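Just so it is clear, the model here is predicted, and its values are computed rather than measured. Residue numbering restarts at 1 for every chain, and letters A, B, ... go by the order of the sequence lines.
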Protein chains: 2
Amino acid sequence: MKETGTTRDAIVGIADTLFYERGFERTSFSDIADAVGISRGNFYYHFKSKDEILDAVIAVRSRNTRDMLARWEARSAGPAERILCYIRIVLTNRGKIMHHGCPVGSLSVELAKLDHPLRPDASAIFQVFRDWLAAQFAALGRAKDADVLAMHVLAFSQGVAVMDNAFRDKAFVQREVERMARWLADIAATPTT
Amino acid sequence: MKETGTTRDAIVGIADTLFYERGFERTSFSDIADAVGISRGNFYYHFKSKDEILDAVIAVRSRNTRDMLARWEARSAGPAERILCYIRIVLTNRGKIMHHGCPVGSLSVELAKLDHPLRPDASAIFQVFRDWLAAQFAALGRAKDADVLAMHVLAFSQGVAVMDNAFRDKAFVQREVERMARWLADIAATPTT
DNA sequence: GAACGACTAGGACAATTGTCCTACGATGCC
DNA sequence: GGCATCGTAGGACAATTGTCCTAGTCGTTC
């Protein structure tokens, strides 16, 4: 059963992209069907509703996020360098962020406006980052306020993303990344209490 | 001519609210017409298209923003206190921000995703804040990097807004406001070079 | 080769979208 | 009073929305 991962995965993959680039509400079944190359009616064999696709997209994003963090965990030397990977992400993905905002933040805000039942699931992707960042800060010897610091870093990235989306000023993004990197270096240098 | 400010203003006022609460795309003519209490067809006497309403809404928001900043300017003692007014806005408007995000930021991101021609106009509201904040920092004796500091404060507010929308944690907002207030106090205390 | 399952195409469906049109009521000017 | 203008109501319009249904094509298994 379900050996047809291909079509289903293609739908989820395209939907993931379109939901990000155009927004969930703005993306229609026709858009997805056209991009995948299947008929619109055929859709309902794989998904019973649009919300079910959104659910699958969120699941995929959540998994991809975990995978990315696991790669950082494997590659980077220490917790400070890993946190820096996250701080730099607003530069790494700047092209997309400039045009479509942060995938996590923009979906979260859109679903909040729609009072959508899946809004908490979208916010849960933030939680993945939050927990991971907190773990890194804890490894830095800041177990006590690890979550507070994690939230601060998250807020930084969201703020920069929105501003970059509005002003499209690369120098601003670079400045803020450097400012945050200095802040992180301070934290890493401070002896554990 | 145009003595009928009432209906037109009512449309713009309701549209302003609905665009904020539900998003521009999600708000239909019927929604606005029902809320105002007029027929849907009558609409096109006052506005030729939905985009024209958006244009009017943005203009109103821009004016309201300027008015608010002017009030702060009149009431507050000095530039530092005025900047603090802005920093505190994420607490003042927390109820709405929690549910619908920042009005400026969320509209800006939504229009970016739609590739909407009015996106720059929406971002221009940010510019109003940016210029005003920069003027305050200049008055603080930081004329050289006034704009850099202004952008930093803007990014702060957007970051906190998105995170509050996702996590709805008042303690987080308060912490970030206090952190930012300390940062501002540092700036104000540093002697002008 | 018949039967069955997984998978798909294509269209029907009511509802809603933004847009446009015509006709009616009011108000004021000549 | 007659007339024009401003504002409004109500509906028509094609297009699109999410959803659902049916008929069909595959490949596999007996």
Side-chain angles (χ1 to χ4, degrees), chain A residues 1-58 107 110-111 113-119 121-122, chain B residues 1-58 107 110-111 113-119 121-122:
Chain A
M1 38 204 76
K2 191 171 289 189
E3 53 208 271
T4 311
T6 15
T7 302
R8 207 195 123 97
D9 290 352
I11 293 175
V12 175
I14 297 282
D16 185 7
T17 305
L18 293 181
F19 286 175
Y20 175 38
E21 295 181 351
R22 312 185 186 178
F24 170 68
E25 190 72 13
R26 216 347 167 49
T27 303
S28 74
F29 272 60
S30 304
D31 293 336
I32 305 175
D34 288 353
V36 177
I38 62 171
S39 79
R40 205 164 90 265
N42 177 21
F43 243 111
Y44 280 72
Y45 175 77
H46 299 280
F47 299 96
K48 277 196 277 291
S49 72
K50 197 181 177 186
D51 287 358
E52 221 167 79
I53 300 183
L54 176 60
D55 201 33
V57 166
I58 291 177
L107 180 66
E110 182 180 1
L111 295 187
K113 280 186 198 278
L114 303 181
D115 248 323
H116 198 285
L118 288 178
R119 185 199 70 84
D121 300 68
Chain B
M1 37 206 77
K2 191 171 292 190
E3 51 209 272
T4 311
T6 14
T7 301
R8 208 195 121 97
D9 291 352
I11 292 175
V12 176
I14 297 280
D16 186 7
T17 305
L18 292 181
F19 286 176
Y20 175 39
E21 294 180 352
R22 311 183 186 180
F24 170 67
E25 190 72 13
R26 215 349 168 48
T27 303
S28 75
F29 273 60
S30 304
D31 293 336
I32 305 175
D34 288 353
V36 177
I38 62 171
S39 79
R40 206 164 89 265
N42 177 23
F43 244 111
Y44 281 73
Y45 175 78
H46 300 280
F47 300 95
K48 278 195 277 293
S49 71
K50 196 181 176 186
D51 287 357
E52 221 167 78
I53 301 183
L54 176 60
D55 201 32
V57 166
I58 290 176
L107 180 65
E110 182 179 0
L111 295 187
K113 279 187 199 279
L114 303 181
D115 250 322
H116 198 284
L118 287 178
R119 186 199 69 84
D121 300 67

Subject >> Verdict with reasoning, B:Phe24 to B:Ile53, per side chain to side chain contact (heavy atoms under 4.5 Å, CB included) >> reply: CA-CA 10 Å; B:Phe24 170 67; B:Ile53 301 183; over 6 Å; no
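In this structure, B:Tyr45 atom OH and D:dC6 atom C1' are separated by 4 Å, rounded to whole Å. Taking atom CG of residue A:Asp34 and atom C1' of nucleotide C:dG10, one finds them 14 Å apart after rounding to whole Å. Look at CG on A:Asn42: it is 5 Å from P on C:dA9, rounded to the nearest Å.
Between B:His46 and the phosphate of D:dC6, there is no side-chain N or O to OP1/OP2 separation shorter than 4.0 Å. Between A:Ser39 and the phosphate of C:dG11, there is no side-chain N or O to OP1/OP2 separation shorter than 4.0 Å.
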Sub-3.5 Å pairs of nitrogen or oxygen atoms, protein against nucleotides 16-19 of chain C:
unit_1, atom_1, unit_2, atom_2, d
C:dT17, OP1, B:Ser28, OG, 3.1
C:dT17, OP2, B:Ser30, OG, 3.4
C:dG18, OP1, B:Lys50, NZ, 3.0
C:dG18, OP2, B:Phe29, N, 2.9
C:dG18, O6, B:Arg40, NH2, 3.1
C:dT19, OP2, B:Tyr44, OH, 2.7
C:dT19, OP2, B:Lys50, N, 3.0
C:dT19, O5', B:Tyr44, OH, 3.0

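B:Phe43 and B:Ile11 make their closest contact through CE2-CG2, 3.5 Å (heavy atoms, listed as atom of the first residue, atom of the second, distance). A pairwise comparison of heavy atoms in A:Glu110 and A:Glu25 identifies OE2-N, 2.8 Å as the closest pair.
Aromatic ring orientation, B:Phe29 versus B:Tyr44: parallel (interplanar angle below 30°, classes split at 30° and 60°).
Side chains of B:Val57 and B:Leu107 form no contact here, defined as non-hydrogen atoms less than 4.5 Å apart. Annotation: side chain of B:Asp55 is not in contact with side chain of B:Asp51 (no heavy-atom distance under 4.5 Å).
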